[in-house]
Amino acid sequence: MLKEILIDLLTQAAAQAQQSGKLPSVTLPPVTIERPQNPEHGDYASSLPLKLARSAGTNPLDIAREMVSLIPATAEIENITAAPPGFINFTLKDNWLAQQVESILNAGETFGNIDLGHGSRVQVEFVSINPTGPLHVGHGRGAILGSTLSNTLTAGGYQVEKEYYFNDAGSQMEAFRRSLFARYQQYLGKDAEMPSEGYLGNYMVDLAKELINEVGDRFLTIPEVEAMSALGRLGFERILSQMREDLKLLRVDFDAWFSEQSLYENGQFEKVMSLLREGGYLAEKENATWFVSTALGEDKDNVVVRGDGLPTYFAADIAYHYNKFIERKFDRVIDIWGADHQGHVSRLKAVIGALGIDPDRLELIIHQMVTLRRGSELMRVSKRSGDIITLREVIDEVGTDACRYFFLSRSADSQMDFDLELAKKEAPDNPVYYVQYAHARIASILRVAGERGITHADGDVSLLTSEPELTLIRKLLLLPEMVEVVVQTLEPHHLTYYAQTLATTFHSFYKLCRVISDDQTLTKSRLKLVGATKIVLARTLHLMGMTAPDRM
RNA sequence: GUCCCUGUAGCUCAGCUGGAUAGAGCGGCUGCCUUCUAAGCAGCGGGUCGCAGGUUCGAAUCCUGCCAGGGACGCCA
């Protein structure tokens, strides 16, 4: 990429300046290249002279001028200037920019790919909600974050595996089974009490009715423990498949569904516990087994095996992460969690460190909570109590594309209100349609050109010299840099900003430059440009998991 | 009490590994459809970047304290 070339040029110029004694031999700070916000400052800029000035004890502008004089001419760069107080600005050549249209057309949907991962294996684990009830909006946020990030990591040269971890063991599952059986009995006219920690939502009643329609009352006639377990299994499978459907509707899919239960069945849980025990990280106290994380600088110790002999969620998670890193040998693991799991981060990092795994290989994305409202009315989102608005209802009401865009346009760090009324009311003005409209407009131009029998394979891109054309090309060329930003920060929300500015640039170009005109050669050149723009818009939308419609 | 996230335009939010006049969308006000989609374009107005200190040539961005909102501190997950 161009950025690397510029960094090389700067590094060499600095070294040369030092050799010739024009610049004191101080250690070079990391050479960084920025994109200036003011176009008058060129396409790229570096503040290296300003950073060098302190240690060198010289005037930054003098350093900038000296370095500028040492940077050789290249095919891409029109000019390099030193600007006060000590920036070096690079401006690209118009004809080089124009030629990039051909590169984009040749690359097609691979344009934007940039090999940062070199094929290393990264696992992205997300959603991973207990299959004890329907998904709600908060889960949707994690789902869209995860799927978009995965798409982008793939574009960034990583081999990505998307995984859903489901807790089919443990006390929540137990509470689910008992709740479901209670509802089942109640609906069949038997007196049964809901467990105190049970799932009270109406969906459990509906689920019980559905199952009765399917299997009748036969679970009343077999031993209760057996009935509960079998019925629970059916309910669990039903909820899991509903989740899959909801996620599919959101265009979120997974490569693997990982069962917590499997960790106990294949002995991995025991193996990890004995490893921790051998390492001296476990202690028996208060009738339970503890991971002594205080010895590793944590605030407190954590129970791994409870007094009743059952492992805690934390213990299962330890085994699960051991499985990810040691058994399956992922180079990097990214977990996406809601803010309510924040407190779990440091102890999990501590324990994988204790297992001899570099904690930096585990990266956590914690997204803040989502509150759902309809106007000023706050909607319930909790699973255990009462009625909820499900993710499914939100998708049906708002639509997949708008939903994805809405979740993606805010950083994971900010808590958000999902206002159904607003989302619906603003649907036609939603930025997602603005971006898609740009794509549809281009499709329309290409359609008209086709109808008129205009072929443009022989179009000459060097005719693209006007300001709106070059501005558009510059914007197109940012896509690989956006992919790089998202891969490095793990913040997919930058994509929405890019999509929006790209669409703006195109709409503006569209107004100023007529594509299909009497000038046949220019028409062909511009058809190439809008063709390239269509590719970049589509790619950006696809990275975000959205559709790129040809008509609107 | 401790830990994490947030506080930027009327509203919703970008910008935060320090850089050159603080941005976008929505809303408000003005213009623009004989020609490829007006779900569009151009322009105007709008800001003590929560508050107070500090570091720096330079702070919305980094550090400290305070205030406000959200989340977590469980032998739940």
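The chains referred to below are lettered A, B, ... by the order of the sequence lines, with proteins before strands, and numbering in each begins at 1.
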Listed nucleotide nearest any side-chain atom of [X], set [options]:
| X | options | value |
| --- | --- | --- |
| Q342(A) | G19(B), G70(B), C4(B) | C4(B) |
| S414(A) | C13(B), G25(B), A20(B) | C13(B) |
| Y437(A) | G40(B), A77(B), C13(B) | G40(B) |
| R347(A) | A77(B), G19(B), G70(B) | A77(B) |
| H507(A) | A77(B), G40(B), A14(B) | G40(B) |
| F87(A) | A39(B), C36(B), G19(B) | G19(B) |
| R441(A) | G40(B), A39(B), G23(B) | G40(B) |
| D299(A) | G25(B), U2(B), G15(B) | U2(B) |
| N287(A) | C75(B), U6(B), G71(B) | C75(B) |

Worksheet item: When you check the gap from the basic side-chain N to the acidic O, do E284(A) and R277(A) get nearer than 4.0 Å?
Response: yes

Contact check, side chains of [X] and [Y], non-hydrogen atoms, under 4.5 Å:
| X | Y | answer |
| --- | --- | --- |
| F258(A) | E125(A) | no |
| T501(A) | Y497(A) | yes |
| L145(A) | P492(A) | yes |
| H321(A) | D335(A) | yes |

Pick base, sugar-phosphate or nothing for [X], based on heavy-atom distances below 4.0 Å to the nucleic acid.
| X | result |
| --- | --- |
| S47(A) | base |
| Q368(A) | base |
| S409(A) | sugar-phosphate |
| T289(A) | nothing |
| R452(A) | nothing |
| H41(A) | base |
| D550(A) | base |
| V448(A) | sugar-phosphate |
| A45(A) | base |
| K51(A) | base |
| H494(A) | sugar-phosphate |
| Y510(A) | base |

Below 4.0 angstrom from OP1 or OP2 of [N], is there any side-chain N or O of [X]?
| X | N | value |
| --- | --- | --- |
| S171(A) | C75(B) | no |
| T312(A) | A77(B) | no |
| Q37(A) | A20(B) | yes |
| Y433(A) | A39(B) | no |
| S411(A) | A14(B) | yes |

Item to complete: Measure the distance between the ring centre of Y434(A) and the centre of the six-membered base ring of A39(B), then answer whether it is under 5.5 Å with planes under 30°.
Response: no

Worksheet, complete the sentence: Sorted by position of nearest nucleotide on RNA chain B, 5' first, the leading residue of A288(A) and T504(A) is T504(A)

Fill in: Which residue lies more 5' along RNA chain B, comparing P36(A) with P549(A) via nearest heavy atoms
P36(A)

Discussion item. Go through it in stages, so that I can follow the logic: the residues are N130(A) and Q172(A), the test is side chain to side chain donor-acceptor pair (under 3.5 Å), and I'd like the CA-CA distance, side-chain angles, deciding distance and then a yes or no.
Written reply: CA-CA 8 Å; N130(A) 274 353; Q172(A) 289 303 314; 5.0 Å; no

Integer-rounded Å distance: [N] [atom2] and [X] [atom1]:
| X | N | atom1 | atom2 | result |
| --- | --- | --- | --- | --- |
| L490(A) | C5(B) | CG | C1' | 17 Å |
| F176(A) | A77(B) | CZ | C1' | 15 Å |
| I445(A) | U35(B) | CD1 | P | 15 Å |
| R410(A) | A14(B) | CZ | P | 7 Å |
| Y498(A) | A24(B) | OH | P | 18 Å |
| M552(A) | A39(B) | CE | C1' | 6 Å |
| I129(A) | A77(B) | CD1 | C1' | 10 Å |

Worksheet item: So does H493(A) reach the base of A14(B) with its side chain, donor to acceptor, closer than 3.5 Å?
Response: no

Worksheet item: So, does the side chain of N89(A) form a donor-acceptor pair with the base of A20(B) at under 3.5 Å?
Response: yes

Which nucleotide, if any, forms a Watson-Crick or G-U wobble pair with [N], using both distances under 3.5 Å?
| N | result |
| --- | --- |
| G1(B) | C73(B) |
| G25(B) | C11(B) |
| U34(B) | none |
| U64(B) | A52(B) |

Integer angstrom distance from the [atom1] of [N] to that of [M]:
| N | M | atom1 | value |
| --- | --- | --- | --- |
| C3(B) | U8(B) | P | 24 Å |
| C26(B) | G65(B) | P | 41 Å |
| G45(B) | U30(B) | C1' | 11 Å |
| G15(B) | U61(B) | P | 14 Å |
| A9(B) | A72(B) | P | 28 Å |
| G7(B) | C16(B) | C1' | 13 Å |
| A14(B) | C57(B) | P | 32 Å |
| G69(B) | G74(B) | P | 23 Å |

Worksheet item: Quick one: salt bridge (Lys or Arg N to Asp or Glu O under 4.0 Å) partners of D550(A), sequence neighbours excluded?
Response: K534(A)

Discussion item. Once rounded to the nearest 0.5 Å, what's the spacing between atom OG of S262(A) and atom CG of N323(A)?
Written reply: 7.0 Å

Discussion item. Centre-to-centre under 6.0 Å for F236(A) and F176(A), is that the case here?
Written reply: no

Practice prompt. Syn or anti for C33(B), please, going by whether the chi angle lies within 90° of 0.
Written response: syn

Discussion item. Give me each pair satisfying salt bridge (Lys or Arg N to Asp or Glu O under 4.0 Å) with a member in residues 35-48 of chain A, each pair once, sequence neighbours excluded.
Written reply: R35(A)-E481(A), D43(A)-R474(A)

